[in-house]
Amino acid sequence: MNWLTNVVRPKIRSILKRDTPENLWIKCPDTGQLVFYKDVESNQFVIPGSNYHMRMGATARMKSIFDNETWYDVALPEVIADPLKFRDERKYVDRIKDARTKTGMNDSVKVGYGRMEGSGVVVAVQDFDFMGGSLGMAAGEALVRGLELAVEKKSPFIVFAASGGARMQEGILSLMQLPRTTVGVQMLREAKLPYIVVLTNPTTGGVTASYAMLGDVQIAEPGALIGFAGARVIEQTIREKLPEGFQRAEYLRDHGMIDMVVHRHDLKPTLARLCRLLTKSPAIASPPRAESIPAEILVAPDAVPAAHA
Amino acid sequence: MRSYLDFEKPVAELDSKIDELRTLAASGSDIGEEIVRIEDKAVAALHELYANLTPWQKTQVARHPQRPHCMNYVEALITEFTPLAGDRKFGEDEALVAGFGRFRGESVCVLGQEKGNTTESRLKHNFGMARPEGYRKAVRLMEMADRFNIPVLSLVDTAGAYPGIGAEERGQAEAIARSTDACLGLGVANVAVIIGEGGSGGAIAIATANKVLMLEHAIYSVISPEAASSILWRDSSKAQEAATNMKITAQDLLRFGVIDSILKEPPGGAHRDPAAMIAITGDAIAQAFNDMRGMDAATIRQQRRQKFLDIGRKIG
């Protein structure tokens, strides 16, 4: 064997930081107004003025939820790569490689453990930028691991869903993530720990037909698209135009499918309050300011400290 | 009049030749030997064809209108079948048939999608595409079965859950999620048989079972080959390629550990001998339930959970 095959390539993707915007200005998808990217970023990716909720990457989301923007990245199980040896217009392995380079993530779900307004919580975030946040074996294992960790830590579990649905390139094995993640939810339920789902834009397909609709409390971000079947499929099936606001967060709330629509700026206090109420933890007089909490080390087995710039 | 799938053309030609010769024989010609010879040839051709079906051909067989459907199995295998209606929340959904009856003398809860055989029955059953009410009815019956310690049998045959405005408004996704949840919570044994099409979430909602059996030419998939073709290839004519690449056949699924066993179909597929297929299926269901006889609720639940957690962790 040629010794050159053992050469480890430098990890270029760790040098490339994706929070450097390619464009300094972005256009609001809702109103069309041009806004300065830095202003949007510092406003938790909500467009100042229009209040349009842009998609939020996994790391930014974790920063917005955990105290002091500090948490442990939970080590996630390795899964068998490309079980179907799938290719469509391109090879699945190549698509995965590109997604990893683009996002710096291993797959679409990131799991963190840390404190939220002082209390321990496990948070899983789906990143839409990684192949549309699709649910495959790696994402399924990540959610199961996160739910197991919540049981071990006796802490609530929060998932931020964002997904186009099942990862079709993994075929039936992606469908199997519906029952697999449901097993995880059942373990949490049996441990009598709260499970809160935050539906973000967009959450559709198989993801909604499993863990994303099984929360004790279902929250959605304003304007988020949430639905099982795609709008085009429905229109083609029934040959009718869809009603105004169909499959949007507010529409689901009005039809009794979710508990509340919450502005991103209010999410953390809402989630923390719900966790305290459901775990019968004492009320806190006023939400502690982030700086007042010492960046204390939380012991999380199988967890490695996240590196944040 | 028998209908042939397009790839069955060689067999169709031989069959029509046999018919011609029979007519001749009836008018007095002595061609009995010739008929037997061509009949043997037709049987051999059918065997050959069905031993080598492509995934796309299997898709066509799985959807064959004359393939035995849910109610054919229920009528032949379940005595005293008593369907129950309604989800007690909104309505009744006949796409998903649910009820209690006896399987080989013992009480069983039956859930299954029925596609219908005539225009009228297809409309009545909404082509086997259930709405939230169907899945909520399934949940209601599973809870009852659990309480009365009655095993659950699912007969899976659906293109998928129905995509409609009302279905979405009433929480199609949530209904499917709760149904899968209910399957996983059962303290009684459940067996699912994929008899035709196992269409995505609409199928898994009742197919999350201790034992999952699948007919030799049935398909089970996260998305239909047609939809995969237009989404992944951006070209609706690539359905055949999608069917192959998505690995939707029973043979592939057994290898992945997604199903537990394959039920061999009669020569030329289940639709050529429904009675034989139903008998084979009945024996396999009995065997599956027998294997779990005497297991307590906790063991049954744990076995099912572990089985699903293990899927994909090791692939042979």
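Owing to the predicted nature of the structure, the values given are computational and were not obtained by experimental measurement. Just so we're on the same page: letters track the sequence lines, and every chain starts at 1.
Partners of B:Asp296 by side chain to side chain donor-acceptor pair (under 3.5 Å), not counting sequence neighbours, listed by chain and number: B:Thr299.
B:Val156 approaches B:Ala203 most closely through the heavy-atom pair CG1-CB, 3.6 Å. The shortest heavy-atom contact between B:Ala62 and B:Gly196 is CB-O, 3.6 Å. In plain terms, the two heavy atoms of A:Ile226 and A:Ala220 that are nearest each other are CD1-CB, 3.7 Å. Looking at every heavy atom in both residues, B:Ala207 comes nearest to B:Ala192 through CA-CB, 3.8 Å. Taking each heavy atom of A:Pro194 and A:Leu278 in turn, the nearest pair found is CG-CB, 3.7 Å. In this structure, B:Leu155 and B:Ile206 approach most closely via the heavy-atom pair O-CD1, 4.2 Å.
The CZ atom of A:Phe160 sits 8.5 Å away from the CE atom of A:Met56 when rounded to the nearest 0.5 Å. Between atom CD1 of residue A:Ile158 and atom CG of residue A:Leu271 there is a gap of 4.5 Å, rounded to the nearest 0.5 Å.
Of the residues considered (B:Gly201, B:Gly164, B:Ala173, B:Ala228), B:Ala173 shows the highest number of contacts with chain A, using heavy-atom pairs under 4.5 Å. If you tally non-hydrogen atom pairs under 4.5 Å between each of A:Leu178, A:Ile80, A:Val79 and chain B, the highest count goes to A:Ile80. Contacts with chain B were tallied for A:Ala231, A:Gly171, A:Ala209; A:Ala209 has the most, counting heavy-atom pairs under 4.5 Å. Counting heavy-atom pairs closer than 4.5 Å to chain B, the top residue among A:Pro77, A:Pro243, A:Gly165, A:Pro179 is A:Pro179. Contact tally against chain B (heavy-atom pairs below 4.5 Å) for A:Leu214, A:Leu242, A:Ile238, A:Val233: the top residue is A:Leu214. Taking B:Ala161, B:Ala205, B:Ala177 one by one and counting their heavy-atom pairs under 4.5 Å with chain A, the maximum is reached by B:Ala177.
For chain A, the nearby part of B:Ile223 is the side chain; its heavy atoms alone come within less than 4.5 Å. Within the 4.5 angstrom heavy-atom criterion, only side-chain atoms of B:Leu253, from C-beta onward, approach chain A. Both the backbone and the side chain of A:Met168 come within contact range of chain B, with heavy atoms under 4.5 Å apart. Proximity to chain A is limited to the side chain of B:Ile204, based on heavy atoms less than 4.5 angstrom apart. The contact between A:Leu173 and chain B is made entirely by side chain atoms (from C-beta outward), counting heavy-atom distances below 4.5 Å.
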**OP:** Check the pair B:Asp157, B:Lys115 against salt bridge (charged side-chain N to carboxylate O under 4.0 Å, His left out), reporting the backbone distance first and the verdict last.
**Re:** CA-CA 7 Å; B:Asp157 191 14; B:Lys115 288 182 168 179; 3.4 Å; yes
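B:Gln113 places no side-chain N or O within 3.5 Å of a backbone atom of B:Ala95 that could act as its donor or acceptor partner.
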Under 3.5 Å, which donor-acceptor pairs link chain B to chain A? Give each pair on its own line with the distance.
from: B:Glu168; atom 1: OE1; to: A:Phe228; atom 2: N; distance (Å): 3.0
from: B:Glu168; atom 1: OE1; to: A:Gln247; atom 2: NE2; distance (Å): 2.7
from: B:Glu168; atom 1: OE2; to: A:Ala229; atom 2: N; distance (Å): 2.8
from: B:Glu169; atom 1: OE2; to: A:Tyr251; atom 2: OH; distance (Å): 2.2
from: B:Asp181; atom 1: O; to: A:Gln186; atom 2: NE2; distance (Å): 2.8
from: B:Asp181; atom 1: OD1; to: A:Gln186; atom 2: NE2; distance (Å): 2.5
from: B:Asp181; atom 1: OD1; to: A:Arg189; atom 2: NH1; distance (Å): 3.3
from: B:Asp181; atom 1: OD2; to: A:Arg189; atom 2: NH1; distance (Å): 3.2
from: B:Asp181; atom 1: OD2; to: A:Arg189; atom 2: NH2; distance (Å): 2.6
from: B:Asn245; atom 1: ND2; to: A:Arg87; atom 2: O; distance (Å): 2.7
from: B:Lys247; atom 1: NZ; to: A:Leu84; atom 2: O; distance (Å): 3.0
from: B:Arg305; atom 1: NH1; to: A:Glu190; atom 2: OE1; distance (Å): 3.4
from: B:Arg305; atom 1: NH2; to: A:Gln186; atom 2: OE1; distance (Å): 3.2
from: B:Arg305; atom 1: NH2; to: A:Glu190; atom 2: OE1; distance (Å): 3.4
from: B:Arg305; atom 1: NH2; to: A:Glu190; atom 2: OE2; distance (Å): 2.5
from: B:Phe308; atom 1: O; to: A:Arg180; atom 2: NE; distance (Å): 3.0
from: B:Leu309; atom 1: O; to: A:Arg180; atom 2: NE; distance (Å): 3.4
from: B:Leu309; atom 1: O; to: A:Arg180; atom 2: NH2; distance (Å): 2.7
from: B:Ile311; atom 1: O; to: A:Arg180; atom 2: NE; distance (Å): 3.4
from: B:Arg313; atom 1: NE; to: A:Glu141; atom 2: OE2; distance (Å): 2.7
from: B:Arg313; atom 1: NH2; to: A:Glu141; atom 2: OE1; distance (Å): 2.9

